Amino acid sequence: MGSELELSSGFIPALYKPASLLPIARHKRSLTYLVETYQVTIVVGQTGSGKTTQLPQYLDQAGWCENGKTIAVTQPRRVAATTVATRVAEEMRCKVGEEVGYSIRFEDVTSAATRIKFLTDGMLLREALVDPLLSRYSVIMVDEAHERSLSTDVLLGILKKIIKKRPELRIIISSATLQAEDFLRFFAGDEYKPDAEPANLGGGIGTIISLEGRMYPVDTLFLENPAEDYVERAVKTVFDIHTQEAEGDVLLFLTGREEIDRAIQMISERAAYLNPKAPSLLTLPLYAGLTTDQQMYVFEPAPENTRKVIVSTNIAEASVTIDGIVYVIDCGFAKLRAYNPSTGIETLTAVPISKASATQRAGRAGRTKPGKCLRLYTQQTYESLPEATIPEIQRSNLAPIVMQLKALGIDNIVRFDFLTSPPAELVIRALELLYSLGAVDDYAKLTKPLGMRMAELAVDPMMAKVLLAAPSFKCLSEMLSIAAMVSLQGTVWVQHDGDKKAAESHRRKFAVEEGDHLTYLNVYQAFVTKGKKDSKWCRDHLLNYRALVRAVSIRGQLKRYLERFGIQIDESLSSRHGAGTGTSPEQIQRCLTTGYFAHAAKMQPDGTFKTVSGGLTLHAHPSSLMFNRKADWVIFHEIMQTGNKTYIRDVTKIEKSYLLEYAPEYYRVS
DNA sequence: GAGCACTGC
């Protein structure tokens, strides 16, 4: 590369390589031919193949946007949808929102002129509620399908149904190598013949095409003997690289914040013993819990004579891409969520990664030049890893998905054609919950209007039920704010490393005796009256400004839905809850119970909680007001097991009698 | 005394 030239004569590298130089350009004609010929095309393309940015443009040029039709390209993540749209708009020399646009929750940057539209796959599913055949699209490209997110999997099932009714619709699935045949088998069904020519399977519905990427080779090394403590071993490896290998930044994969902090601590302690004349180390953490500003540091080039070491969770495996990484250190584990249908409890535990994940992590070392991947496990261990991670649909609470499918007219969930079907127990558990909430009837059909409306609200079923019950408790305005705050999933307060006592005293200023939900209401109301235009007010109170701005958007959206259902919302009392006039806490506590009765617990003399059936010991999460307060009965929003403790979050006191009053069937004493 | 990563008109 011409780095000397760049320095001496002021040249800077082009921001983007001209599209014609991308490997995909060579396949333009065969790609457009395949899409014309086959209803489903599986595109196997590595990083840097240009599939996401170029393929939609080829299809546009080939006439797929004539007669006012649109090409949709879905992404599992919001940021991807917006950044890719921006890039393609630049290449097509238009503004985002003109010929090229994107659509994500709260941001629809499209117009009548939009021919190529990037959107989250969740958003396309939402569109299917209004337009079940997705008739405005001529081509739907499902990008990153191999990640197997919940909404990608549901979308694939829906698309398989749609193509039977719309023979002119074209589907493109972008996938990693490993899963391409699974996708084709899924769409081609009986026509799939594994022995046929790979480029022409079955001769009708689908085909696979591979695009070469623009990746450099990555040299992969395993440990000879297993490591006793992989954090310790990772730190040693960082120093081995630093003292023995050529320049280049390091990306270290660990499982969570605690490990990351420990590793960074150890690295900085040992860095003190480095030769002062030797290059130094700059160690940076990366995990989702950091603020955006804190995350931005990892993208800045290291100062001169300094090697950057990024210590990251799984976020750097697919969601965040950092250039300049030459060395990857992979601990071989990741924290994964799973849902236990027999207890209804989610777990978050570190588990061995899959071979596909290990390959993806290694690939992070080969983006700018040949790299090395150091795996902190043996080759034997690697061989024993599962090929791919269990898809989310097989380890999630399916109540929201079941409701959504039913709203799309798919009543028989067990017989719905999933790429991989969820375990029956997950479906049964979801149906039981929806039945107890009154969302489905004895025949497992969505009730009208309750179940239909719950399906349309973009909150989980329990909260949806609470919102729809709120008018009869005269607390809808308050409950809208509470639902919006709960949707933020614990991001209301900014994490503060230093002074924990200060953080606690800030929280206490907003604390409400009845529990976390009313405290959220208090924070929301203070924000809209005092802090809405003032991020400093939020900083002073250790509140997350961006999260609260988002809460305002979510509340607005939920309010518009309810108005569309014809529900009146009296906002006149919204800032005056509490004692005296307006809504009493009791109305809110009662209303919450109508949705969260299945999440009830009783406090024990030792301060822990027990479920109604008495079996499980639960702990108030330290972020909850109930962490060190007395209560009798409570309801909670979330229950999760980490390590060997089970925590409940977003906890509010109730009376035992509410449970019998609002869920007599559920708590019937026989 | 603490939680991986995502998402919804």
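Computed from a predicted structure; not experimentally measured. Each chain gets a letter, A, B and so on, in the order the sequences are listed, and its residues count up from 1.
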Sequence neighbours left out, cut at 3.5 Å: what donor-acceptor pairs do the side chains of residues 127-134 of chain A make with other protein atoms?
| from | atom 1 | to | atom 2 | distance (Å) |
| --- | --- | --- | --- | --- |
| Glu127(A) | OE1 | Tyr137(A) | OH | 2.5 |
| Glu127(A) | OE2 | Lys117(A) | NZ | 2.9 |
| Glu127(A) | OE2 | Tyr137(A) | OH | 3.4 |
| Asp131(A) | OD1 | Leu134(A) | N | 3.4 |
| Asp131(A) | OD1 | Ser135(A) | N | 3.3 |
| Asp131(A) | OD1 | Ser135(A) | OG | 3.1 |
| Asp131(A) | OD2 | Ser135(A) | N | 2.9 |
| Asp131(A) | OD2 | Ser135(A) | OG | 3.1 |

Side-chain donor-acceptor contacts of residues 454-468 of chain A below 3.5 Å, not counting sequence neighbours, with atom names and distances?
| from | atom 1 | to | atom 2 | distance (Å) |
| --- | --- | --- | --- | --- |
| Asp460(A) | OD2 | Met462(A) | N | 3.3 |
| Lys465(A) | NZ | Leu437(A) | O | 3.1 |
| Lys465(A) | NZ | Thr594(A) | O | 3.4 |

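At dC9(B), one or more side-chain N or O atoms of Tyr561(A) fall inside 4.0 Å of OP1 or OP2 (strictly under the cut-off). Within the structure, a side-chain polar atom (N or O) of Arg126(A) is placed less than 4.0 Å from OP1 or OP2 of dC9(B). In this model, the phosphate group of dC6(B) is approached by a side-chain N or O of Ser319(A) to a distance below 4.0 Å at OP1 or OP2. Neither OP1 nor OP2 of dG1(B) sits under 4.0 Å from any side-chain N or O of Ser623(A). When the side-chain nitrogen and oxygen atoms of Arg78(A) are compared with OP1 and OP2 of dG8(B), one or more of them lie within a distance under 4.0 Å.
The side chain of Gln557(A) lies closest to dC9(B) when the candidates are dG8(B), dC9(B), dA5(B).
Residue Ala334(A) is out of contact with every strand shown, counting any heavy-atom pair closer than 4.0 Å. Across all strands, Ser149(A) comes closer than 4.0 Å to no nucleic acid atom at all (heavy-atom distances).
In this structure, Asp229(A) pairs ionically with Arg262(A), as a charged nitrogen and a carboxylate oxygen lie closer than 4.0 Å.
Residue-to-nucleotide proximity on DNA chain B shows that, of Gly256(A) and Arg560(A), the 5′-proximal contact is made by Gly256(A).
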(message) Go through it in stages, so that I can follow the logic: the residues are Arg429(A) and Asn397(A), the test is side-chain hydrogen bond (donor to acceptor under 3.5 Å, both in side chains), and I'd like the CA-CA distance, side-chain angles, deciding distance and then a yes or no.
(response) CA-CA 8 Å; Arg429(A) 175 86 187 190; Asn397(A) 171 9; over 6 Å; no
